[in-house]
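Structure record follows, encoded as structure tokens.
All figures in this text were calculated on a predicted structure; none of them were measured in a lab.
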Amino acid sequence: MEQLVQAVDEVLAGESRAGGRSESPGHTRVGDVHYLEDGWYGLPTYASRIDPDDLQDMRLATGAGPEDRRGRSFTVLGWRVESERVRLQVAAHAPQTGLTLRAVRRPPDFLLRSLREALAGLPDPGLAERWSAAVSTRSRLRTVRPAVVS
């Protein structure tokens, strides 16, 4: 297992040397939304590729964003990707106009860091340890007999 964690560490080190890690300290503007019905807004996606999985702390906001004390901010409670828009759910009392989606973008190495943390935190690596050994020796995993439960 240690070899697998070390391999992920090496990939992460290569990413940071290549400038692959960029933290986004605050909310950035993603795009203007339009009112659909109480509590639901649409963010058009035909002009750009928007993946809500790459965003954290999504908010619909007026003014300069959630940090703007003069504006208002509504936390996105849920979202659903549709054919040419992302449908966003917020509190039903949000205004019908003047809202922009703002979010914190996840760093490009987010998934690698999550993988590394998960692997390092395994209490009993079991199959993951066997898989790591098989990968490092370029051999096949042997089948495991199922446990007999009585």
Side chain proximity check, Arg72 to Pro95, heavy atoms < 4.5 angstrom: yes

Shortest non-hydrogen pair, Gly31 vs Thr100, comes out as O-CG2, 3.3 Å

Legend entry - Same cluster (ILVMFWY, side-chain, under 4.5 Å), Leu88 and Val81: yes

To the nearest 0.5 Å, atom CG of Leu101 lies from atom CG of Leu43 at 5.5 Å

Worksheet item: Heavy-atom distance under 4.5 Å between the side chains of Leu60 and Val33, does that happen here?
Response: yes

Looking only at heavy atoms, the pair that brings Leu77 and Ala91 closest together is CD1-N, 4.1 Å

By side-chain hydrogen bond (donor to acceptor under 3.5 Å, both in side chains), Thr45 pairs with (sequence neighbours left out) none

Donor on one side chain, acceptor on other, Arg59 and Thr75, under 3.5 Å: yes

Residues pairing under ring-ring contact (aromatic ring centres under 6.0 Å, His included) where one sits in residues 36-56, two or more places apart or in two chains, turn out to be Tyr35-Tyr41

For Ala94 and Val90 the tightest heavy-atom approach is CB-CG2, 3.8 Å

Applying salt bridge (charged side-chain N to carboxylate O under 4.0 Å, His left out) to Asp38 and not counting sequence neighbours gives none

By salt bridge (charged side-chain N to carboxylate O under 4.0 Å, His left out), Glu82 pairs with (sequence neighbours left out) Arg80, Arg85, Arg87

Value for CD (Glu37) from CD (Gln89), rounded to nearest 0.5 Å, stands at 9.5 Å

Please check this pair: side chain of Thr62 against backbone of Leu99, looking for a donor-acceptor N/O pair closer than 3.5 Å. no

Does His27 reach the main-chain N or O of Ala103 with its side chain, forming a donor-acceptor pair under 3.5 Å? no

### Task
For the residue pair Met58 and Trp79, establish whether any side-chain heavy-atom pair is separated by less than 4.5 Å.
yes

Exercise for review: Determine whether Thr28 and Arg105 make a side-chain contact, defined as any pair of heavy atoms from C-beta on separated by less than 4.5 Å.
Suggested key: yes

